[in-house]
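Scope of the values below: all heavy atoms of this structure, side chains included, with no hydrogens, waters or symmetry mates. Order of the sequence lines fixes the chain letters, A, B, ..., with proteins taken first and strands second; residue numbering starts at 1 for each chain.
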Amino acid sequence: MNNKKIAEVLYEIAEILEMKNVKFKPWAYRKAAQTIESLNEDVKDILKEGKLEELPGIGESIAKKIRELIETGKLRYYEKLKKGIPVKLAELEKVEGLGPKRIKLLYDKLNIKDLKQLKKAAKKGKIRKIKSLGEKVEKNILEGAEFVKKSGKRFLLGMILGEAEEIKELLRKRKEITKIELAGSLRRMKETIGDLDILAVSKDNKKTMDFFCGMSTVQRVLAKGNTKSSVRLKNDVHVDLRLVNENEFGSALQYFTGSKQHSIELRKIAIGKKMKLSEYGLFKGKKKIAGESEINVYGKLGLQYIEPELRENIGEIEAAKKKKLPKLVKYGDVKGDLHMHTNWSDGRNTIKEMVEQTKRLGNKFIAITDHAGDLKIAGALSDKQILKQMKEVNKISDGVKVFYGLEVNIKKNGDLDVGDSILKKVDVVIASIHSGFRQSRDLLTKRILKAMDNKYVKIIAHPTGRILLGRRGYELNFNKIFKKAMDNGVALEVNAFPARLDLDYLNVKNAVENKVKISIGTDAHNIDQLKFLKLGTSVARRGWAEKKDIINCFSIGKLTKFFER
DNA sequence: GCCGTTTTCGGCCCGACTGTTTTCAGTCG
């Protein structure tokens with residue numbers, strides 16, 4: 001029973017209560033679920049310390065339920081609720097246009113419990129006969145049900161960023177559009193994106209909406225109005241376009257950037273000040289006191305401006321109240337890339353090509369860090385090849401400082417697969433785990449701790465091994481790892497590869513709070529992937545990191561010292 | 001069910017679009 005499972009149960013309770021038209025409780029259960037979901041610590045540990053009720057949104061009753069879940073693996077209250085409406089909720093909720101109320105209605109009237117039964121009933125025309133539902137609803141449900149298989153899907157930020165920019169450009173070129181911005185989780189640089197939100201100001205809303213819904217990439221128009229339209233593209237990406245007035249752009253941008261939880265907290269602050277906040281502005285009575293810019297909206301709420309990447313309701317609002325937000329690292333502050341592969345191991349481009357691309361991108365330094373040791377599948381270098389490559393790299397003097405590095409493997413017992421006699425000759429050693437993911441939390445932690453005790457290791461790469469939309473990272477005892485990293489002067493990597501982004505932002509936040517240094521590396525295997533540096537920086541920003549926390553922001557002299565330490 | 005520079009009781013974010021009704025509920029974000 002881990003945090004995620006507990007959160008799932010709480011979410012489902014909220015849904016069932018919603019079906020039963022219970023007021024306000026769903027809100028409470030959802031809030032509690034969100035709290036549990038975004039915890040860094042294991043709920044079990046918090047329970048042991050008796051501090052469950054100190055968590056936001058968790059009071060006596062929900063604390064008791066969490067305790068029962070952890071101690072018995074079950075929750076009688078939940079089982080009883082489920083028995084009342086035995087439907088496959090998670091499955092049915094993925095159908096566009098189906099929410100808790102309609103799911104209950106369909107169960108009550110037609111005994112529909114899952115997707116298969118839903119489709120069957122829709123095809124037979126049974127749904128249109130229910131009062132309050134009609135032919136169109138039935139048609140939409142059927143289409144939604146067919147689509148479920150493909151959807152529910154999220155997209156990697158790194159894979160969708162380019163497409164989002166293209167759509168934005170397409171719209172920006174329209175004469176009637178005077179202002180446009182990408183909003184939503186993409187603007188917050190969340191690692192995966194469910195859909196795209198675009199906000200714009202237009203002199204002719206109808207014309208803009210006609211154009212947007214008629215783009216050649218559109219598969220289906222889900223809704224089309226004068227201020228809001230939704231489409232699904234042929235590649236299954238869902239895009240929303242909202243049009244607002246110029247003087248509402250700031251409040252609208254705030255609202256559509258989210259996160260939802262962050263925005264809700266802002267609205268509560270507004271209420272506390274006898275104001276009202278919506279996408280149309282911040283109002284005191286009928287008088288609008290902010291709306292044209294985000295900065296003013298935050299300002300009038302008594303808050304520091306909060307950068308989009310921070311808006312996850314994980315303490316940023318409290319910090320902004322006290323004017324204690326971090327001085328976030330800027331995208332331009334990151335001057336070099338500390339993890340990449342060339343055609344010496346499993347990369348595609350030569351050392352020279354990587355260096356040239358680095359110059360084009362305007363960066364000042366890189367570390368070439370090909371695989372070495374036992375990882376033969378990745379073309380890992382032998383000792384002899386290492387010495388040869390080192391000579392090659394040291395010859396380069398091209399306006400870009402090139403550190404010579406290696407990515408070595410942490411074996412199952414925590415030993416490295418390259419000997420110290422070699423490691424001591426290279427500028428920077430990155431150690432990482434590529435096998436034995438299934439070991440226990442304890443063993444994996446010990447393995448990494450042991451690797452960090454090798455005095456040549458300066459960076460631990462992709463520390464949790466997660467693959468976004470693929471595999472969960474392994475659990476580690478980060479308290480121990482942070483302490484060792486501090487003691488030994490080892491940096492933890494934010495791997496900027498789109499499917500990794502590992503450490504994640506919550507772990508970065510923890511690391512930085514523990515004064516651990518962060519290293520950003522793209523893990524690029526070709527020159528195109530060097531641009532992912534921005535993604536890595538976004539994770540650092542989401543993790544509240546400042547310039548001083550990130551070794552990529554050091555001067556070359558300071559970085560050299562860090563490697564030599 | 002939770003929570004408090006309005007409160008230990010009485011609130012709980014806000015608005016667009018759709019479809020089915022004729023004033024609104026449900027869904028979505």
Rounded to whole Å, please give me the gap between NZ in A/Lys31 and P in B/dC2. 12 Å

Check this for me: does any side-chain nitrogen of one of A/Glu18 and A/Arg30 sit under 4.0 Å from a carboxylate oxygen of the other? yes

N/O (side chain, A/Ser278) to phosphate O (OP1/OP2, B/dC14) under 4.0 Å: no

Does the distance from a Lys or Arg side-chain N to an Asp or Glu carboxylate O, for A/Glu68 and A/Lys65, drop under 4.0 Å? no

So, A/Glu12 and A/Lys82, do they make that salt bridge, N to O below 4.0 Å? no

Sugar-phosphate, base or nothing in reach of A/Lys260, heavy atoms under 4.0 Å: base

Interatomic distance where CG belongs to A/Asn226 and P belongs to B/dT18 [whole Å]: 11 Å

In whole angstroms, the gap separating P of B/dG26 from CD1 of A/Ile103 amounts to 13 Å

Given the structure, check if the side chain of A/Tyr280 and the base of B/dG15 hold any donor-acceptor pair shorter than 3.5 Å. no

Sugar-phosphate only, base, or nothing, as touched by A/Pro26 at under 4.0 Å among non-hydrogen atoms: nothing

Atom CG of A/Leu17 and atom C1' of B/dC2: how far apart are they, to the nearest Å? 14 Å

Kindly say if A/Ser132 contacts the phosphate of B/dG19, meaning a side-chain N or O under 4.0 Å from OP1 or OP2. no

Want to settle it: does A/Asn21 or A/Leu55 sit nearer the 5' end of DNA chain B, counting the closest nucleotide to each? A/Leu55

Find the distance A/Met275:CE to B/dC14:P and express it as a whole number of Å. 14 Å

Which nucleotide in the list B/dA16, B/dG19, B/dC14 gets nearest to the side chain of A/Lys136? B/dG19

Taking atom P of B/dG15 as reference, at what distance in whole Å does atom CD of A/Glu248 sit? 12 Å

Quick one: look up who B/dT8 pairs with, Watson-Crick or G-U, both distances under 3.5 Å, and put none if it's unpaired. none

Measuring only the P atom in each nucleotide, how far is B/dT7 from B/dG11? A whole number of Å is fine. 13 Å

Students often get this wrong, so: under 4.0 angstrom with heavy atoms, is A/Lys25 touching a base, only sugar-phosphate, or nothing? base

Cationic N near anionic O, under 4.0 Å, A/Glu176 to A/Lys203: no

Can you tell me how far C1' in B/dT27 sits from the matching atom in B/dC13, rounded to whole Å? 16 Å

Counting side-chain heavy atoms from CB outward, which of B/dC13, B/dT20, B/dC17 is closest to A/Val137? B/dT20

Closest to the A/Ala223 side chain, choosing from B/dC17, B/dG26, B/dT20: B/dC17

What is the distance, rounded to the nearest whole Å, between atom CD1 of A/Ile193 and atom C1' of B/dG29? 15 Å

Lys/Arg cation over aromatic A/Tyr280: A/Lys288, 6.0 Å, 45° cone: no

How is A/Lys131 classified with respect to the nucleic acid when contacts are heavy atoms under 4.0 Å: base, sugar-phosphate, or nothing? nothing

Within 45° of the six-membered ring axis of A/Tyr474 and under 6.0 Å from that ring's centre, is NZ or CZ of A/Arg441 located there? no

At under 4.0 Å, does any side-chain N or O of A/Asn140 touch on OP1 or OP2 of B/dG19? yes

Under 4.0 Å, counting only non-hydrogen atoms across every strand here, what does A/Leu266 touch: a base, just sugar-phosphate, or nothing? nothing

By nearest atom, which of the nucleotides B/dG19, B/dG1, B/dC13 is closest to the A/Phe24 side chain? B/dG1

Please measure how far the P atom in B/dC12 lies from the corresponding atom in B/dT6, and state the result in whole Å. 14 Å

Establish, with yes or no, whether the OP1 or OP2 oxygen of B/dA16 is under 4.0 angstrom from a side-chain nitrogen or oxygen of A/Lys228. no

Give me the distance, rounded to whole Å, that separates B/dC3 from B/dT8 when you measure between the C1' atoms they each carry. 9 Å

In terms of the nearest nucleotide of DNA chain B, which residue is placed more toward the 5' end: A/Lys276 or A/Leu133? A/Lys276

Using only atom types and a distance under 3.5 Å, with no angle test, would you say the side chain of A/Glu71 pairs donor to acceptor with the backbone of A/Leu69? no

Expressed in whole Å, how much space separates the C1' atoms belonging to B/dC14 and B/dC9? 25 Å

On a whole-Å scale, what distance lies between the P atoms belonging to B/dC28 and B/dT20? 16 Å

Presence of A/Tyr29 side-chain N/O under 4.0 Å of B/dC2 phosphate oxygens OP1/OP2: no

Calculate the interatomic distance between A/Lys94 atom NZ and B/dT27 atom P; express it in whole Å. 18 Å

Using a heavy-atom cut-off of 4.0 Å across all strands, would you classify A/Lys65 as base, sugar-phosphate, or nothing? sugar-phosphate

